[in-house]
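Some notes on the structure that comes next.
Residue numbers begin at 1 in each chain, while the letters A, B, ... track the order of the sequences. Everything numeric here is computed off the predicted structure, so don't read it as measured data. Every heavy atom of this structure was used, including side-chain atoms; hydrogens, water molecules and symmetry mates were not.
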Amino acid sequence: MKRRIVVIGAGIAGVAAAWSARRRGCDVTIVSAGAGASALGGGAVDDVPWEQLVRSSRALGLVPRARPLSDDLHAFSNDLGAWSLADDRLAWVATIAGRLRPARGRDHALLDFGALGGARVMLPRAERASWDADAIAAGLSDDPFARAHRITFIAADVPVLRFDEERRVADGDLALRHDGEARLAWLAARLIDGVKHAAANAVLVGPWLGAAGSRSEALSKLVGVPVGEALTGVGSPAGQRFEAARGRLLAAIGARVIDDRVTEIDRDGGALAITLRHGASLLVDGIVLALGGLIGGGLSYEPPDHRAAADLPSGVRAPFVLSLRAPVTLVAHVGADPSTAEATSSLHGPDIDVAAWPRGDRPGTLESAGIRCNGARAAEGITAAGEVVAGRPRTALEAAAAGIRAGNEA
Amino acid sequence: MKTSRPPAVANAIKPKRRPEVDVDVIVIGGGVNGVGVARDASMRGLSVALFERNDLAFGASGNSSGMIHGGLRYLTYDPQVTESSCRDSGHIQAIAPHLLFRIPFLVPVDSRRGARILFELMDGFFEAYDGYQPLKRGKSHARLSADEVRKLEPGIAGDLVGGMTFDEWGIDGARLCTENAIDAIERGAKVFTGCTVEQIQRRDDTGEVLGVVYRDRTTGVIGRMKTSVVINATGAWAPITAALGGLPPERARVRPGKGIHIVFDRRLTNYAIAARTIDGRQIFLEPWQNMSIVGTTDDDYYGDLDDVRSTSEEVRYLMQGMARVFPQIRSARAIGTYAGVRPSLYAFGPSEDNLSRDHKIVDHTRDGAPGLYSMVGGKLASYRLFAEEMTDVLSELFGRGVPCATHKSPLPGGDAVCDALTLATRLEIDAVAARRLVYRHGSRAERIAERIQQRPREAVTVCACEPVLEGEIRYAVKHELARTVADVSRRTRLGLGACGGMRCAARCGQIVAEEQGLPPREGLRQASAFLLRQAAMRAPALGPEQARQDALGIASMRAELGVDAEDAEDRDEIEATAKSSVEATA
C-alpha cells in the first residue's frame, strides 16, 4: 500500500509538501480550512527578507546577489507556473509605496526592473485610493536603484478604468476583469496610445493584471513594451493567482483536497489519527503541518489574561497556541532571549512590548514563534513547514523549500 | 526660517517694549497652555512667536482622555475651583462646539459594607454638582437602581446597590491645540514647530530677558529672536526650559506623572463607566471619538519626555481594575495605547493622585530673571483660564487695557454649523467621512470641501479606518503646520485605527513630502518611523486579533517599505552601493 500522507494547510508550504510527497509516490491528501498568508501575499518571491539581503550586502560593500536555489525548488516553481525565478539574478520590483526592492523571484505579473536599465516607465493615472501615479512615479524616480540605473518614471493621463465604479472596486476585482480578452485588448489599445505619447518603453500599473493567471505577458505582447504590476504588500491579486495556480497543480498531481479543519492529531499505534471538525477522522502514516503562522491562523497569540474575567487568569499557560492539538513543541522568542520555550513566569503573560516587532537582524516575537523543528521534523511522523515553524524567515521560497523538505521526509 | 520683524502696533503705550525686539513675547511650548497664551496675547494686540520642539499637542495635551470636566473632585473642599472649572468648560464648549463629544458617566456602586450610606452621600454630592452643570451644558445626575444600571449597561458586573450618572464633555485635545495655534497665526503670531529653543539669553548685569536662540530640528539652522518676555509653557519639560535660561531647574519644578490610555477598536459602551484600581484609584472606560479608551495611570516619570511609551505592566494594571466592573473588557480588541506626562504642581511626599491639578504662574523676576515666566501645572479643562491669567500679566506689563475675549471669540471652525450630510452629497463622499471631517474642522470643513471640488482626485479616502480624505491631509500640511506623517495623524487621526496605518502611512508620507517639496524618500522614512512607533505603542496591549493584524502589518510593511528604521535613515549608502554596482558592470 502507498504511504498515506496528510498535509494540513494549502498555502505555499502545503502545496510544495504535497508536490514533493506525490513525486515520491505517496498518497496525498490536503486538508485546508481556508486562505492564509500565501493567499494574501503580494507576489514578491523572497528567500530571505530583502532588507536583510540589502543590509548584509551593504555591510560587505557588495551588490545584492541572487543565491542559487535547489533544482527541486526550480522544478516546483515551474510546475506551479505562477513565478518567474531566474537562476542567476535578482528581480527588482516597484512597490506602491514608491520603492524599488530586490526579490529573489516574482509573480509573473510584476514588472521586473532588473533588466530595464535606462528605461522610461509610464504610470497611467487612475482615481483609485491606493494608486496615485504621480506620487508613486516621484517616489520611484527618487529611488537609489532607479537613479543608479537611470530608470525614470512618469505619470500620464491614460484611461485605464473603463467604468466609473472601477474607482472603488477592490484590486482583485479589477484584476479579474482583465482575465477577459476583450477587456485586455481595450486596455492594450489605451496603453499603446499612452506609450506613444509619453515616449515610454515600459508601463507600470497597479495590481490589476489578472486573477486566474498573470496577463502581463499577453498585454506586453499587445502593447509592444513590457507592462507589469507594482507590488502591493497585502491583499494583492497575486494571492488569487497563486490560488488558481495551486488548484491547477493539485489537480495535475492528483492530490485530494478536503475542505475542513483539523482539530486534533493523536498517535494510534504506529499510525497517526487526524480528527476533523466536520468529516470522519483519518488514519495516516505521515503528517505535514503547514497550517500557517499568526497571519494564517495556524498559530495564535493568546496571553493568559485575555478573556480572564477575574482579577487573575486561572493559570499559567504559554501565550502562543496552535489551532489544533498535536504532540509538538512550541517555541516563542520573547524578549532578547531566543531560547525561551515555555510559559512566561507571569500569570498575565509575556512582556512582548519591546520584542513584538522585528528590529535590525532580530526577528520580532510575532513572526518567530512557532513549532520547534529539527530540520523539517517536528515529532515522530510529523514534519512542519512554512510560517508555523519557529524562527524561520516568513518568505515564499522559505515556505516552498521547507514544504519540499517536509514532503520528502514525510 | 526668517526672523522678520512684525509690524509695530502704533497707538499702544509700551513701557516694556524695547525698540530693538523682534516680538513682544516668545512662548515656548506648543501644548494647550502655550497656544492658549499665543492666541490670547495675539488677540490683545501683542506680537507673539511660539516655538515648539516637537509638534503641537505632542505631550500631555494630545494624549489625555480629552475630558473637560468640571473638577468634581474639588467640590468638597474647594467649590470655587469647581465653579471656575465648570464655567471654563462651558467657555471652551462655546468656542469649539464642533470638537465636543458628550461623556455621560455611570458610577456603579457595589454592595459592600456601608454601601447604602455611601450611596446616599454620593447622591447628595452629585446633587451639589448639579448646581454647576448649567455652566457647562451638563445634565443633572440621575440616581439609579441596580436594575436600571444593568439595563443601561448590561456588561456591568457585581452585586450592586445602584448607581449614579453624571454628565461631562470631552474634546479632541490635539485639534484644540491646532485650532488655537491657527487662530493665533491668523492674528499675526508666528508659530514654529519642530524648532527647539536652545538658550534663553539674558543680560549679564540685570538678568533681563534678551531673546532666544533656537534650532530648526529638521534643517539644523540656528537662529536668534529678540524679545523682552519669554513664557515657559512647556508642561513636563518646564524645568528643562528654565535651565535653558540659566535658572536652576527647581525654579520651574513640576511633578511629572505619566498617564497611559488603552484604546479599543469601537465604542464598547454608551456610557463612560467608572471603576477603581487595586490601589483605589479612580479609572474609567470612556466612549471616545469613534473608539473607547480605558485610563488613566498616574506614575512618577523619570524617562525621556520625547519618547514616552506604555508598558505591558501599565496595561495590565488598568485592565485588572476595569475588569472588576466590566469583565468583557478582557475580550475586547485593544488596538493601541497612548501616553503622556502631566505637569502637576510639585510636591515631595504625596502620592500621585493627591497632587494638585491647580496651576500657577511663576514670575522669575525674583530669581533674577525679569521677563521670564513659567506656567506650571494646569489641566486641559482650565487651559483657557490659565492662558487668560498669563495674558493678563502680559497685558499689564505692556500697558494694554484690552480685556480677554478668548471665551467669546470662536476658534477656527467653531463659528458656524456645517451640515455633514449635505457635504457628503456634494462631494460624493462617504457620510461617515463627511461627519468626521466636520467634527474635526467645524465650518472650516467648507474650505477642504472647496479644495476637493476644485481637485476631485482629493476626495480619495487615504485612511479608511478613521476615515481621512486626501484633501484633508493636504490641507493639514498647507494650513495646519503638519510637517510629518505623525503630525498629520495628530491632526486627523490618520493611521490610529485597527489597521495601524498599514494601508495609509506610506501614502500619507508621499503626500506630505510632495506638499512640502521634500524628496519622496523622506516621506517613506516618515511613514516607517510612524509605523514603528505605532507598533511599539500597540505591543503592550496586544490580544489575539490585534496580534494577527500586527503579523500581517509586519508582512505588509516588509513587502512595501522594509521593516528597518535604520535602513530608512541610511538610504544614501544603498545608493552608493548601487552606483558602485553600475560601475562594476560597466
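The environment of CZ in A:R65 is sparse: at most 12 heavy-atom neighbours from other residues, nucleotides or ligands sit within 6.0 Å. In B:R324, the CZ atom is not crowded: 12 or fewer heavy atoms of neighbouring residues, nucleotides or ligands sit closer than 6.0 Å. Heavy atoms of other residues, nucleotides or ligands lying less than 6.0 angstrom from CD of B:E428 number 12 at most.
Looking only at heavy-atom pairs under 4.5 Å with chain B, the residue among A:R128, A:R101, A:R168, A:E302 that has the most is A:R101. Counting heavy-atom pairs closer than 4.5 Å to chain A, the top-ranked of the candidates B:M537, B:R503, B:E470, B:Q549 is B:R503. With chain B as the partner, the residue from A:E127, A:H348, A:R125, A:E387 showing the most heavy-atom pairs under 4.5 Å is A:H348. Each of A:V93, A:D46, A:T95, A:L312 has some count of heavy-atom pairs under 4.5 Å with chain B, and the biggest count is that of A:T95. Counting heavy-atom pairs under 4.5 Å between each of A:A135, A:S130, A:A356 and chain B puts A:A135 at the top. Chosen from A:G297, A:G293, A:A37, A:P303, the residue pairing most often with chain B at heavy-atom distances under 4.5 Å is A:G297. Per-residue counts of heavy-atom pairs under 4.5 Å with chain B were compared for A:G42, A:G349, A:S300; the largest is that of A:G349.
In this structure, no portion of A:A44 lies under 4.5 Å from any heavy atom of chain B. In this structure, the portion of B:R538 lying under 4.5 Å from any heavy atom of chain A is its side chain and not its backbone. Neither the backbone nor the side chain of B:I278 comes within less than 4.5 Å of any heavy atom in chain A. The part of B:E545 that comes within reach of chain A is its side chain, from C-beta onward, which places non-hydrogen atoms under 4.5 angstrom from that chain. Heavy-atom distances place no part of B:M319 under 4.5 Å from chain A, backbone and side chain included. When heavy atoms are compared at a cutoff of 4.5 Å, B:T311 approaches chain A by way of both its backbone and its side chain. Looking at A:L299, the atoms closer than 4.5 Å to chain B (heavy atoms on both sides) all sit in the backbone: N, CA, C or O. In this structure, the portion of B:E514 lying under 4.5 Å from any heavy atom of chain A is its side chain and not its backbone.
Under 4.0 Å is where a charged nitrogen must lie from a carboxylate oxygen, and between B:R558 and A:E367 at least one such pair does. Using a 4.0 Å cut-off between charged side-chain N and carboxylate O, A:D351 and B:R316 make a salt bridge.
Using modelled atom types, one side-chain atom of B:R521 and one backbone atom of A:D142 make a donor-acceptor pair closer than 3.5 Å. Although no hydrogens or angles enter the test, the distance criterion places a donor-acceptor pair under 3.5 Å between the side chain of A:E51 and the main chain of B:V563.
Side-chain atoms of A:Y301 and B:Q546, non-hydrogen and from C-beta on, never get closer than 4.5 Å to each other. Side-chain contact between B:R457 and A:D134 is present, with heavy atoms from C-beta onward closer than 4.5 Å. Considering only heavy atoms from C-beta on, A:D132 stays 4.5 Å or farther from B:V460 through its side chain. In this structure, the side chains of B:E560 and A:T232 come closer than 4.5 Å at one or more pairs of heavy atoms. Inter-residue side-chain proximity for B:I554 and A:P358 is flagged as met; some heavy-atom pair is nearer than 4.5 Å.
Residues A:P350 and B:S312 approach most closely at O-OG, 4.4 Å, considering heavy atoms. When every heavy atom of A:R99 is checked against every heavy atom of B:L524, the shortest pair comes out as CG-CD1, 3.4 Å. A pairwise comparison of heavy atoms in B:P520 and A:G139 identifies CB-CA, 3.3 Å as the closest pair. Closest non-hydrogen pair, B:L561 versus A:A97, comes out as CD2-CB, 4.0 Å. When all heavy atoms of A:R307 and B:S331 are compared, the closest pair comes out as NH1-CB, 3.2 Å. Residue B:A555 comes nearest to A:I295 through the heavy atom pair CB-CD1, 3.9 Å, listed as atom of the first residue, atom of the second, then distance.
Proximity to chain A at a heavy-atom threshold of 4.5 Å picks out B:A506, B:R507, B:Q510 from residues 504-513 of chain B, in numerical order.
Here the CG-CD distance, from A:D353 to B:E314, works out to 9.0 Å after rounding to the nearest 0.5 Å.
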* To do: Please step through side-chain contact (heavy atoms from CB on, under 4.5 Å) for the pair A:L366 and B:L542, ending with a clear verdict.
  => CA-CA 10 Å; A:L366 295 179; B:L542 282 185; 3.9 Å; yes
